Protein chains: 2
Amino acid sequence: MVTIKQVSEKAGVSSATVSRVINNPDTVKEKTRELVMAAMAELGYRHNVVAASLASNKTHTIGYVVPELHGSFFGAMMGGTEQALRQAKKHMLIATGHSDAEIEKEQIDALLSRRCDALILHVEAVSDDYLVNLVKQGVQLVVVNRFIEAIGEHCISLDNIKGGYLATRHLLEIGHTKIAYVAGSLFKDDGKNRLLGHQQALAEWGIGYDENLTFEGNFQARSGTEGIRTLVEQGASFTAVACANDEMASGAMIALRELGRRVPEDVSVIGFDNVDFASYLSPGLTTIDYPVQKIGRMAAHWVLEQVYGHVRHDFEHILAPRLILRGTTSSPH
Amino acid sequence: MVTIKQVSEKAGVSSATVSRVINNPDTVKEKTRELVMAAMAELGYRHNVVAASLASNKTHTIGYVVPELHGSFFGAMMGGTEQALRQAKKHMLIATGHSDAEIEKEQIDALLSRRCDALILHVEAVSDDYLVNLVKQGVQLVVVNRFIEAIGEHCISLDNIKGGYLATRHLLEIGHTKIAYVAGSLFKDDGKNRLLGHQQALAEWGIGYDENLTFEGNFQARSGTEGIRTLVEQGASFTAVACANDEMASGAMIALRELGRRVPEDVSVIGFDNVDFASYLSPGLTTIDYPVQKIGRMAAHWVLEQVYGHVRHDFEHILAPRLILRGTTSSPH
DNA sequence: ATAAAAAATGAAAGCGCTTACAATCGAATT
DNA sequence: AATTCGATTGTAAGCGCTTTCATTTTTTAT
């Protein structure tokens, strides 16, 4: 491996100068710089970032913890981050937490041992306090898709209440009044908040919330199917159904089809998240867009600004969802 | 930051011993080890992996280049890799190449500068020669989803010919004889090979290959729609259509529905890849499974074995696709 | 032309760890 | 009890770079 030392000798300068042409090219005289660059080229020099990191105490690496790598959600998010970081020549060290507190902690620890300059965390199992403590210890981190009051400035998340509200408002606006709701797991914040938004919209329209029109699913497709079956069996009557995510909406559509109800002619369906496959369903699923890529980008911007002192990028802590109109909703009859 | 030195002083041993309890705990006497660990705990010591990497010339980091992060394909692949690497305490540094030769090279370079112990590359733009050269230079790398004869031992890929063959054979087996084919881009190896497999199956059944039943798409959904429209306009007659991927199959289904042909009653459809949304379509899409997660896992195994000298994991260079039966294929009539 | 200021360079001390190699210790052998 | 040999530990030389501070060179002002 050729080192900075060898380059400096070949170029007849000190190694400090070589380091300068690598890191602050404009602080060395043009002629010297050319000399050095020629030497580097001739010797086939490759900068050793590990050594540089040790000496400078900066790794230009962001640690990223997500629950899983598969599925399209986290890829989209990391894609948003990567796009922003690449231009700044930062890299991402990726780890998965598997929604398990022990693993999440281990991974955070490992990333810190690797001296990541900052962490971007989508962690689900670790407690709020644990994260608050990290921040107190001076760890540079941003939490995505989760809101923790005490470190609100470190959180980037979607306004789920607004999203739930928008979905149901859309159904109300096109004339529905009997609206079923397939909720996500209610012990999760997003499940809870989306339902809250649904209730807000109903209230705004002066329609009482009816528990018998609500089914608590678990965000999986199957529970959407189950939800519709259960509601219908219980004799619930509705012309539209809002689901807390697209998977359940897809499951709901399957159940409706089985029951001979056409979508959207007999029953309108709206999802939430706008996942990749939503547009492949037929009819295309009307849904609420989760700007996941943007969240990833915002996380990158936070890091660039807070950790690397880049000039202010556009930034939002709480992102707004928006309605995506496709084919599964229409006025009743 | 607490260093090994401080720990060694508090424990009354040399720093070499502290290093040993970190890296080879069983080479130090139990009593000493406990002493050291106590000191580490008390001081809140955190190992500095960067310094360790510099000294040992090993980073325990694998560089990963994929074209993009969004979509479900690369997430699934990286997930397979991560699962295997996590147990070995290796980490992944991820970069995207955007199917652009310049960017791909830059990223490979950056990963090498960061002294990754090995690279896993899904690169599409860079030439075979470039990769062969890297190998010759002693770069530890494995190429996924691409086969390069000269460095076959470094490649992990799917048997696309077999996949194309299986798809069409399935249609033949259930009685179809007039089979249309929506190909992927034929300048790409996978597009070419899948078509080849299709032709092989036809030949095996003694059915001549008819160019008028083939349409060259570009792997996007829209080109599937376009393909069906074009073939029908040209007066082609068929009872089944095989597509070179699921997106195009989905597009084809849309076109068929528009034309009033039911799937699978009037026309059977088979895709390729078994992407996430294939099972969400209705009817569920019959397709060929691309074992992408397994490819990711095999890449990890290659690295673990070749680079870190782990004992042999199970390993395959050319993975076999398999038929996934769902609802879009049935016997003619 | 000369002094002062600014720019460019060099010397050298780390950054925190690993790892020969040497030294020491302790148990086993005779 | 002396010897041997393996197990433990310590010493110290790096790993390849950055960065402070001092020195030299160049530029600017007078």
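In what follows, chains carry the letters A, B, and so on, assigned in the order in which the sequence lines appear, proteins first and then strands, with residues in each chain numbered from 1. No experiment lies behind these values; they were computed from the predicted model shown.
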Asker: Using 0.5 Å steps for rounding, measure from the CD atom of Q6(A) to the CD atom of E42(A).
Answerer: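 Q6(A) CD to E42(A) CD: 12.5 Å, rounded to 0.5 Å.
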Asker: Could you check whether R20(B) and T32(B), counting side-chain N and O atoms only, form a donor-acceptor pair closer than 3.5 Å?
Answerer: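 Note: T32(B) and R20(B) side chains miss the donor-acceptor criterion.
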Asker: Within this structure, what is the CG-to-P distance between L35(A) and dA8(C), rounded to whole angstrom?
Answerer: 16 Å
Asker: In whole angstrom, give the distance that lies between atom NZ of K29(B) and atom C1' of dG10(D).
Answerer: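 Spelled out: NZ on K29(B) to C1' on dG10(D) is 14 Å.
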Asker: Does CG in D128(B) sit with more than 12 non-hydrogen atoms of other residues, nucleotides or ligands closer than 6.0 Å?
Answerer: yes
Asker: Just wondering, more than 12 heavy atoms not from N57(B) lying within 6.0 Å of its CG?
Answerer: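 No - once you tally the heavy atoms of other residues, nucleotides and ligands closer than 6.0 Å, there are 12 at most.
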Asker: Rounded to whole angstroms, how far apart are CG on N24(A) and C1' on dC17(D)?
Answerer: 14 Å
Asker: Show, in sequence, the C-alpha distance, side-chain angles and deciding distance for H154(A) and W302(A), and conclude whether the ring-ring contact (aromatic ring centres under 6.0 Å, His included) test is met.
Answerer: CA-CA 8 Å; H154(A) 294 252; W302(A) 188 96; 5.3 Å; yes
Asker: At under 4.0 Å between heavy atoms, which parts of nucleotides 13-18 of chain C does protein reach? Answer with one letter per nucleotide, 5' to 3': B base, S sugar-phosphate only, - none.
Answerer: -BBBBB
Asker: Hey, is CD on Q137(A) packed in by over 12 heavy atoms from elsewhere, all under 6.0 Å?
Answerer: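 Yes, enclosed.
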Asker: So, taking the atom named OG in S53(A) and the one named NE2 in H60(A), what distance separates them when rounded to the nearest 0.5 Å?
Answerer: 6.5 Å
Asker: Determine to 10° how strongly the helix from dA1(C)-dT30(D) to dT30(C)-dA1(D) is bent, judged from the axes of its five-pair ends.
Answerer: 20°
Asker: Rounding to a whole Å, what distance do you find between D26(A):CG and dT9(C):P?
Answerer: 12 Å
Asker: Answer yes or no: is there an ion pair linking E316(A) with K294(A), defined by an N-O contact shorter than 4.0 Å?
Answerer: yes
Asker: Think T17(B) has a side-chain N or O under 4.0 angstrom from the OP1 or OP2 of dG10(D)?
Answerer: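 Looking at the OP1 and OP2 atoms of dG10(D), one of them is under 4.0 Å from a side-chain N or O of T17(B).
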